[in-house]
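Because the structure is a prediction, the values reported are computed rather than measured. Residue numbering restarts at 1 for every chain, and letters A, B, ... go by the order of the sequence lines.
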Amino acid sequence: MQWAEQSESRRHRSRCRRRCRLPTGHPRMPRYQPARIEPKWQAWWDAHGTFATPRLPPPGAAKAYLLDMFPYPSGDGLHVGHPEGYTATDIVARFERMRGTAVMHPMGFDAFGLPAEEHAIRTGTPPRESTERNIATFRRQLKMLGFSYDWGRELATTDPEYVRWTQWIFLVLFDTWFDPERQQGRPIAELPIPPAITAAGEEAVARYRDEHRLAYQSEAPVNWCPALGTVLANEEVIGGVSERGGHPVVRIPLRQWMLRITAYADRLDRELDGLGWPESIKKLQRDWIGRSTGAEVDFFVPPAGADEPSAFEAWKRQRAETGYPATPAADVLRIYTTRPDTLYGVTCMVVAPEHPLLDRLTTPDQREAITAYCEAASRKSDLDRTDLAREKTGVFTGSHVIHPLTGAAVPVWVADYVLASYGTGAIMSVPAHDDRDFEFATTFGLEITTVIEPLDGNPVEGLFTGRGRAIASGPYTGLETAGFIERVAADLEAAGLGRPAVNYKLRDWLFSRQRFWGEPFPILHEVDDQDRPTGVVRPVAEAELPVPLPPLTDFKPGDTPDPPLSRAGHEWLFIERDGRRYRRETNTMPQWAGSCWYYLRFLDPGNTERFLDPEVEHAWMPVDLYVGGAEHAVLHLLYARFWHKVLHDRGHVSHPEPFGRLVNQGMILGEMEFTGYRAAGGGWISAEQRTEADTPVRLPAEQVEKQGEHFVLRDMPAIRVESRAYKMSKSRGNVVNPDEVVREFGADSLRLYEMFMGPLEATKPWSTTGVGGVRTFLDRCWRLVLDERADDLVLAPQVVDEPASDEQLRELHRMIDKVTRDIEALSFNTAIARMMEFVNFCTPLPRRPQALLEPFVTVLAPFAPHLAEELWEVLGKPAPVSLAPWPTVDEKWLRDETVEIPVQVQGKLRGRVVVPADADAAALQAAATTDPRIAELLTGRTIAKVVAVPGRMINFVLAKSEPQS
RNA sequence: GCCGGAGUGGCGGAAUGGCAGACGCGACGGAUUCAAAAUCCGUUGCCCGCAAGGGCGUGUGGGUUCAAGUCCCACCUCCGGCACCA
């Protein structure tokens, strides 16, 4: 394995050396040397401002906003996955520019983030320093690839001016409440205050407002690891201990900033409809939002010692009068269900361990068990609690509630498979028709009552979760699921016992982090003379933004969940305004904040008056094409849409959605690998028989061959070998470095290769010989125009200034037509294939008319811009080809005079005939039947039918005949 | 378990229901060269055949159609995502 890798890379290196070095003895021989021409043209574009974008599109011009997901500038530098999407948008940007479209094509850096902070903790270097260093590397690498960004618009989310407006948007969220009736965010000043609140005084009004803001504070349980001194994400907690170090983790409530994204759940779901996004991504978002419809139902909690039937009847009478209350009082257990048609199958209730009513429902003899159970549950992370493989656990509370329709007593249990954060934190358990309830009931030997049977009438033993027809359901017996749900929900509502309800899996967005390297919140907490918070919160005035990060030297987390910013000096931490003393908010925003609106700031990056000029916004938005990895299918794209909608509601942007068309580039895997397995004894073992004990060994391709379905060892065909490509990773050692590829093959080759690998959206393995293949193509382009044997850059002797032939023009215009359509469809691999065919066509020509080469170079320009500029110059055309007009296709060259038509007999290809392009069905048939082979096949047979598609094919269908003996 | 996506030569991949394998890699042969590299030209799905030609071929099994890689049904495998949301 070692050996194979070494020999391979040695081969690459030696090939590179041959290619890149000037040929000895002919120092001026003008070979294609990307290392020379690429920096030259990058500097030229820079100096001439070739890609600078005006503030507004010129009057009358179409606009195109072509956006890449901006990178996090990691210390590892650019990965070959980055240029894949970047090249795609760059080709479109360059193409659109050449067509006269006003193009917005910016780039920046998503520069807040954990790695920089961890680096800072390790080394003591301020995160800003390492971040700036990494940005410099990324910028150099992006420029090296010749992307046509307007670098004048570059921004980093960490720029103080950018942070200023991120904080400003937070204040917009803070100043907004969601009006459910209008389904719209509105200024907090317009929030109607109930008279009772007004009467209670100014403080009550302030509290009421705070409770309705889109940015609000709440006590949320978090994973706190005392040993590590930090709060951990759910994914970082395994089995109740920290993934790193195995330290205990406790769930503690902590004051957190939340964003009320759930208010927009419905719009975020519905407004996906019109977007030009992949259906799979829309579905991911819909699933994440997780809208479900059903009903809420109240189960009566009988007061201790009361006569239950009469208390229940009294409660029902009261409910019939007052109706269903918006918030449940302590006399009911409220549940949410998507299947109210199974109400008659309820055999038990289950509440989450955190349910507020649990304490009241617990009887003295069960208290000890319940307390122990809840404590154990509180120590588990969400991840442990939702581990499906785990057996159901739970404890009986000792008490019961009354079923609102049947009046039956239903026992109440507590179990952690019920989540406090969804619905009402309590469920009705219907074991016969829900698999989780079934499992729970089976574990604890609870009753199972069947109330639904399948529509086909065959009764089902045990669990049936499908829709069907109700049985043993009182007045609803015989109804089908949909009708039952509709009717029972209406009946419950009329009786004040329940109502139709909608629920979302989406939770409000926990927006604060106990980290240093993020945007400080522009929020002040009032403190008393002992520095204790009074609970009054005040936003920092807009004019005082940005709130900068304090200078710190120690970024380490502390012993308490207190954020690093709380260790800032007093001069940062405390501030006086209007005679009151305030302490700054010390949490910071998560990394998502900056990426929620960068696409807006690109349009107006230098604006010091506002976050974005409305005139500019109106002219460029929405984004016409957004390309990036599918890993952002949910979070980034959902968060950005949410912010955008709030900004829209508040009148700051003119479109409800930011990204019109979205495309996900596929992942680039490492090179294909063959893996054999050695058993403990040293002998080979076939891949399908291997066990954990066998050692994987990477094999060179020469030792492997394909036999039937599988790859086997060439020398031992009984031994199967695995063949696949893996995700690039440092630990696997299969990471391809763009710097090295550019050094060996050139930036144009890297760009072209990544586009030629396959469809943009497909996952595809890297192949270094494949890069060599496109490099060969570029070499051929070079030689098509230039004389490699001359001493200077001069045209090849075959290049002539004479008119192109009809055949050549036909070839040229077809190529232009295909490439144009393929760019529009983002089908770059086939566009490149077509250009290759064109070069293959031109190479053997003894005389190559300039009229053929010049349009070709313009078409090549979006793909291999540096080479195209150089060829353009040698052809004597004024630079830059990057802004030359895209060649127009002359339709007349797309039409053929004659076409070759396949002739089928009984659906099988039996010959071809050449006919005029406009030959109709009759002419086709006449031509086909004169072909001797076809005529012979038709002799003595009856033609039952002739299917002739003019310009396409002809098929003779024969009548059935007796088999000849 | 659920939801996506994909299965086509040795490999990456092309193919509005109408000539399967464009283009590239690799391999093989030739020209050039003292030799090699580079370059240029050619061959390359499998099987039978000297050839002309024929047969078979797009994960598997069915179906629709004059015609299926493409449409429909069932299944298998791989990749990715989600995962007790009542």
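- Between the P atom of A67(B) and the CG atom of Leu924(A) lies a distance of 19 Å, rounded to the nearest Å.
- For the P atoms, the distance from G18(B) to A74(B) is 25 Å, rounded to whole Å.
- Look at NE2 on His710(A): it is 13 Å from P on U77(B), rounded to the nearest Å.
- Taking atom CE on Met953(A) and atom C1' on A20(B), their separation rounds to 15 Å, with Å as the unit.
- A cation-pi contact links Arg732(A) to Tyr726(A), judged by a cut-off of 6.0 Å to the six-membered ring centre and 45° from its axis.
- As a whole-Å value, the separation of Arg339(A) CZ from A86(B) C1' is 11 Å.
- Listed pair Arg834(A) / G24(B) fails the phosphate criterion, with no side-chain N or O lying under 4.0 Å from OP1 or OP2.
- Taking the nucleotide of RNA chain B with the nearest heavy atom to each of Ala426(A) and Ser827(A), the more 5' of the two is matched to Ser827(A).
- Look at Asn840(A) and you'll find a side-chain N or O under 4.0 angstrom from OP1 or OP2 of G24(B).
- A pairwise comparison of heavy atoms in Tyr336(A) and Gly294(A) identifies OH-N, 3.5 Å as the closest pair.
- As rounded to the nearest Å, U32(B) and A37(B) have C1' atoms that lie 12 Å from one another.
- Atom name C1', nucleotides U70(B) and A83(B): the rounded distance is 34 Å, in whole Å.
- Shown here, A74(B) forms a base pair with U60(B); the pair counts as Watson-Crick or G-U wobble because both key distances fall under 3.5 Å.
- Shown here, G63(B) is classed anti by the O4'-C1'-N9-C4 or O4'-C1'-N1-C2 angle, which is more than 90° from 0.
- Residue Phe956(A) contributes atom CZ, which lies 17 Å from atom P of C66(B) at whole-angstrom precision.
- C47(B) and C11(B) have their P atoms separated by 15 Å, with the value rounded to a whole Å.
- Side-chain nitrogen and oxygen atoms of Arg783(A) include at least one within less than 4.0 Å of the OP1 or OP2 phosphate oxygen of C40(B).
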